[in-house]
Number of protein chains: 2
Amino acid sequence: MQDNITKLFKAIADPTRRDIFHALVIATSALSITQISNQFEMTRQGVTKHIKILNDAGLVQMNEQGRNRFCYADPKPLQEVNKWMQFYSQFWDDSLDKLGGYLDSKNG
Amino acid sequence: MQDNITKLFKAIADPTRRDIFHALVIATSALSITQISNQFEMTRQGVTKHIKILNDAGLVQMNEQGRNRFCYADPKPLQEVNKWMQFYSQFWDDSLDKLGGYLDSKNG
DNA sequence: TTAATAAGCAACTAAAAGGTTGCTTAATTT
DNA sequence: AAATTAAGCAACCTTTTAGTTGCTTATTAA
């Protein structure tokens, strides 16, 4: 359906998903779906859907144990986002003079 | 309605908008709406909507001249995204050993 | 001064997103 | 074995998103 980088951007474009992802990143152990749900004012099914999207983007991995599905964050795919941004970063990394001149040329 | 970082992420989450933004970044001069539209298989109104979203996110600036609205990219807001990612980058910047141990502790 | 061009606005449509409720299944406790 | 708990699945609803068509307005060119 959609390419990886789009999946990735869409995954982190939702504030709730950023919150879930963050909660998993700072967690000291993997958390079950229910444990995650308890931290949010949303039904477990709602959280499950978000987790699925994060998982499809590679940002959350699972670990099934009996009736539990322990989730943990995997920030590595964010490197792709970093890579995407690297090209554009040259335009803010450049000296302000150069950027100023560039913008002036477009404005004037 | 929604916070800046969310607007920013949503703006770049759409592939067409990333394409428009990229076209403006690499353009040697500011481009009118019509000039941009000609590069995409989409109506001018469709492009206008995308431009509006990019503009709301601060990624595209305008420059009205008569009946033309010349648009140019402003990548600076992407620094916010960069900042957001910096926190998570520690988890992929760390030595593989440390990351491995962290994951093992969650898996095991 | 009539043509043509650039773009805005509004209404509409189709599909996707974000979320819910209700029910089922499978694994654990008691 | 019965009750509880964790989670999946499907259907549904509402809002947002991505895009269209049609029309108007304002600027510029012939």
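These figures come from a predicted structure and were not determined experimentally. Within every chain, numbering begins at 1; the chains are lettered A, B, ... in the order of the sequence lines, protein sequences first and strands thereafter.
Distance B:Lys7 NZ to D:dT16 C1': 16 Å, rounded to the nearest Å. The distance from atom CD of A:Glu41 to atom P of C:dG18 is 18 Å, rounded to the nearest whole Å. Between B:Asp14 atom CG and D:dT17 atom P the separation is 11 Å, expressed in whole Å. The separation between A:Leu31 atom CG and D:dA6 atom C1' is 14 Å, rounded to whole Å. In this structure, A:Arg18 places its CZ atom 16 Å from P of C:dA17, rounding to the nearest Å. Put simply, CD on B:Glu64 is 18 Å from P on D:dT25, counting in whole angstrom units. Separating the CG atom of B:Asn38 from the C1' atom of C:dT5 is a distance of 12 Å, rounded to the nearest angstrom. B:Ile33 has its CD1 atom 11 Å from the P atom of C:dC9, to the nearest Å.
In this model, the phosphate group of D:dT20 is approached by a side-chain N or O of B:Thr43 to a distance below 4.0 Å at OP1 or OP2. For A:Thr34 and D:dT5, the shortest distance from a side-chain N or O to OP1 or OP2 is not below 4.0 Å.
The side-chain contact (heavy atoms from CB on, under 4.5 Å) search around A:Gln86 returns A:Asn82, not counting sequence neighbours.
Contact check of residues 50-57 of chain B against DNA chain C (heavy atom, cut-off under 4.0 Å) returns no residues at all.
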Legend entry - Derivation and outcome, salt bridge (Lys or Arg N to Asp or Glu O under 4.0 Å), residues B:Lys52 and B:Asp56: CA-CA 6 Å; B:Lys52 190 185 177 339; B:Asp56 286 348; 3.2 Å; yes
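A:Arg44 places no side-chain N or O within 3.5 Å of a backbone atom of A:Asn38 that could act as its donor or acceptor partner. Checking side-chain atoms of B:Asn55 against main-chain N and O of B:Val60 turns up a donor-acceptor pair under 3.5 Å. A donor-acceptor pair under 3.5 Å is absent between the side-chain atoms of A:Asn68 and the main chain of A:Phe70, judged by distance alone. Counting only distance, with no hydrogens or angles, the side chain of B:Asp74 and the backbone of B:Gln61 share no donor-acceptor pair below 3.5 Å.
Each of A:Gly46 and A:Met1 has a nearest nucleotide on DNA chain C; the 5'-most of these lies closest to A:Met1. Along DNA chain D, the nucleotide nearest A:Ser32 and the nucleotide nearest A:Lys10 are compared for position; the residue whose nucleotide lies closer to the 5' end is A:Ser32. Remark on DNA chain C: of its neighbouring residues A:Met42 and B:Gln35, the 5'-side contact belongs to B:Gln35, judged by nearest-heavy-atom nucleotide.
Nucleotide C:dT5 is matched to D:dA26 when pairs are restricted to Watson-Crick or G-U wobble geometry with both distances under 3.5 angstrom.
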Legend entry - Reading 5' to 3' through nucleotides 22-30 of chain C, protein heavy-atom contacts under 4.0 Å coded B for base, S for sugar-phosphate only, - for none: B----BS--
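Annotation: side chain of A:Tyr72 is not in contact with side chain of A:Leu24 (no heavy-atom distance under 4.5 Å).
Using a 90° window around 0 for the glycosidic torsion, C:dA3 falls inside it and is classed as syn.
Between B:His22 and A:Phe87, the two ring planes are tilted [angle within 30° to 60°].
A centroid separation of 6.0 Å or more is found between the aromatic rings of A:Tyr88 and A:Trp92. Aromatic pair A:His50/A:Phe40: ring centres not closer than 6.0 Å.
Candidate nucleotides D:dA7, C:dA11, C:dA7 were compared by shortest atom distance to the side chain of B:Lys49, and C:dA11 ranks first.
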